[in-house]
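One structure is given below, encoded as structure tokens.
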Amino acid sequence: MDQRNTPLLTALRAHADSNPVPFHIPGHKKGVGMDPEFREFIGSNALSIDLINIAPLDDLHQPTAVIAEAQRLAAETFRADQTFFFVQGTSGAIMTMIMSTCSEGDKIIVPRNIHKSVMSAIIFAGIKPIFLSPVRDKNLGIDHGVTTRSVKKALTAHPDAKAVLVINPTYYGVCADLKEIVELVHSHDMVVLVDEAHGALLPFHDDLPISAMEAGADMAATSVHKLGGSLTQSSVLNVQGTRVNTKRIQTIMSMLTTTSTSYILLASLDAARRNLAINGQEMADQAIRRASQARKSINEIPGLYCFGEEILGTEATFDFDPTKVNVLVRHLGITGYDAENWLREHYNIEVEMSDMYNILCLITPGDTEESVDLLVAALRHMSELNYNIKTANELIVTIPDIPQLSLIPRDAFYGDTEVVPFKESAGRIIAEFIYVYPPGIPILLPGEVITQENIDYITEHVEVGLPVKGPEDRTVQQVKVIVETKAIF
Ligand SMILES: Cc1ncc(COP(=O)(O)O)c(C=O)c1O
């Protein structure tokens with residue numbers, strides 16, 4: 001196929017150039033019927049392709065023309081048999097891959113540090129999750145990948161499971177031995193689904209971890225918008241082999257997707273695919289070089305640590321993506337959240353994410369030498385102000401153990417509930433999520449038994465100002481739990 005072509009973008013531009021008289025939505029009609037300030041700001045080019053699934057532009061829900069062709073080109077680029085475009089992020093793609101593989105009552109084997117979209121699919125479909133414990137890094141206070149050994153144990157204990165989901169790489173860029181896991185799971189005749197939200201560049205450079213498609217996985221949900229250069233919310237679901245039913249995937253995708261699909265987002269996927277196909281290797285190469293230089297410089301700054309190859313060599317840290325620059329700041333006596341705020345206030349730098357002990361900075365093809373130098377200079381200044389001045393926060397990081405799941409998440413979510421003070425909820429079964437976003441990994445899931453350890457951990461996060469989310473009570477003072485029926489005497 002000719003990867004220089006952009007069938008969808010080209011069709012959109014041709015349609016806009018022909019200047020048709022529209023009697024269809026969107027009602028702003030090329031911006032005429034909208035707020036003037038927004039119209040001026042966003043510009044006429046963007047508004048001219050803010051279109052809808054009229055005949056010349058195909059339909060994402062049943063593509064046969066330019067969208068189908070754009071998806072075929074993407075499949076070739078991502079080395080998949082088939083690619084589906086998504087306008088509802090990788091969250092939509094993850095929910096589609098799970099719900100097209102598992103039905104009500106089916107089991108799915110998943111790491112506990114899953115994104116909340118995995119749990120949404122599990123709740124909507126009434127699936128039973130079998131959790132794998134990711135390996136915890138007590139020095140960094142983060143979770144890594146799962147081990148092949150834990151997958152093997154889960155497969156032996158649950159030979160009736162339908163699928164195994166793997167995160168490749170984690171938010172922090174660490175990978176398990178995906179190829180080995182895929183071979184193992186396939187030998188049990190199960191499907192491998194991969195959350196590849198942070199892996200859009202993987203297929204394009206040998207120094208990056210193996211991509212899900214190259215490792216032989218059946219499906220992979222990939223955020224092209226996060227690292228591949230398309231617009232926010234645009235993602236792909238890559239599929240290969242004969243274990244999955246592509247017609248079912250199309251149906252589920254359609255059920256979960258708006259009927260008013262954004263052609264701006266779809267066109268950005270088409271264009272990002274062209275750019276990756278032609279320039280992906282060079283784009284990834286530049287990001288890797290800049291990130292490696294940044295890592296080296298940051299590790300020379302007193303009190304800071306940015307992990308690299310030295311953490312590799314265990315089953316759960318089989319490989320890592322060097323473009324994820326995670327900086328451990330706790331030796332400066334500050335939290336990751338303090339560091340995030342300080343960088344914003346003093347250097348106008350926005351990091352990807354912070355937690356108790358770390359800030360995560362993504363070096364992407366969008367970075368320049370200047371942006372990376374600024375980050376390093378800012379971190380050096382932050383160290384000068386804090387290192388050996390503030391008492392180093394040498395707390396041993398305590399991530400609570402994985403809570404016990406005592407109800408199927410859907411039964412808890414839709415069960416009879418009552419609201420109780422969070423601090424007094426130990427021992428109760430929670431009926432809602434509690435997670436820190438970003439990264440959106442749940443600390444408590446519907447159906448799990450709350451422990452005092454969970455309460456302390458969450459309270460500590462709320463107190464330092466980290467974004468704890470999920471409960472209907474946003475202050476996390478109250479929590480919804482399953483009503484307990486007391487014995488009658
Ligand atoms: C590991 C992981 N999976 C899935 C997602 C969801 O991706 P999206 O924001 O494209 O819906 C995210 C988003 O941060 C993520 O970190």
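Just follow the structure's listing: the first ligand is 1, and inside any ligand the first atom is 1. Reckoned from all heavy atoms, side chains included, excluding hydrogens, waters and symmetry mates. Worth saying up front: this structure is predicted, and the values here are computed from it rather than measured.
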Report task. Just say parallel, tilted or perpendicular for the rings of Y457 and H461, cut-offs at 30° and 60°. Result -> tilted
Query raised in the report: Looking at G89, which atoms of ligand 1 are within less than 4.0 Å of one of its heavy atoms?
Result: 10 (O), 11 (O)
Query - Pairing residues for Y414 by the ring-ring contact (aromatic ring centres under 6.0 Å, His included) criterion, not counting sequence neighbours - result: none
Query raised in the report: Can you find an N or O of H198 that's nearer than 3.5 Å to an N or O of ligand 1?
Result: yes
Requested in this report: For ligand 1, find out whether one of its N or O atoms is nearer than 3.5 Å to an N or O atom of Y171.
Outcome: no
Query raised in the report: Using heavy atoms and a threshold below 4.0 Å, how should the contact between Q233 and ligand 1 be classified: side chain, backbone, both, or neither?
Result: neither
Query raised in the report: For D355 and Y171, does a side-chain donor sit closer than 3.5 Å to a side-chain acceptor?
Result: no
Query - Pair E183 + K179: basic N to acidic O under 4.0 Å - result: yes
Query raised in the report: Taking only heavy atoms of A197, which atoms of ligand 1 are found under 4.0 Å from at least one of them?
Result: 2 (C), 3 (N), 4 (C), 5 (C), 12 (C), 15 (C)
Query - 4.5 Å side-chain heavy-atom contact, Y263 and N53 - result: yes
Requested in this report: Using distance alone, decide if ligand 1 has a nitrogen or oxygen within less than 3.5 Å of any nitrogen or oxygen in S223.
Outcome: yes
Query raised in the report: Using 30° and 60° as the class limits, which term best fits the ring planes of F78 and F204: parallel, tilted or perpendicular?
Result: perpendicular
**Report entry** Pairs satisfying side chain to side chain donor-acceptor pair (under 3.5 Å), at least one member in residues 88-109, at least two apart
**Finding:** T90-S223, T90-S235, E104-R410, D106-K162, K107-H158, K107-D160
Report summary line: ligand 1 atoms nearer than 4.0 angstrom to some heavy atom of S91 are 6 (C), 7 (O), 8 (P), 11 (O)
Report summary line: Nearest heavy atom to atom 5 (C) of ligand 1, choosing from E196, H115, E352, K116, belongs to H115
Query raised in the report: Would you say ligand 1 has an N or O under 3.5 Å from any N or O of K226?
Result: yes
Query - Nearest neighbour of atom 2 (C) of ligand 1 from the list I94, V118, D195, on a heavy-atom basis - result: D195
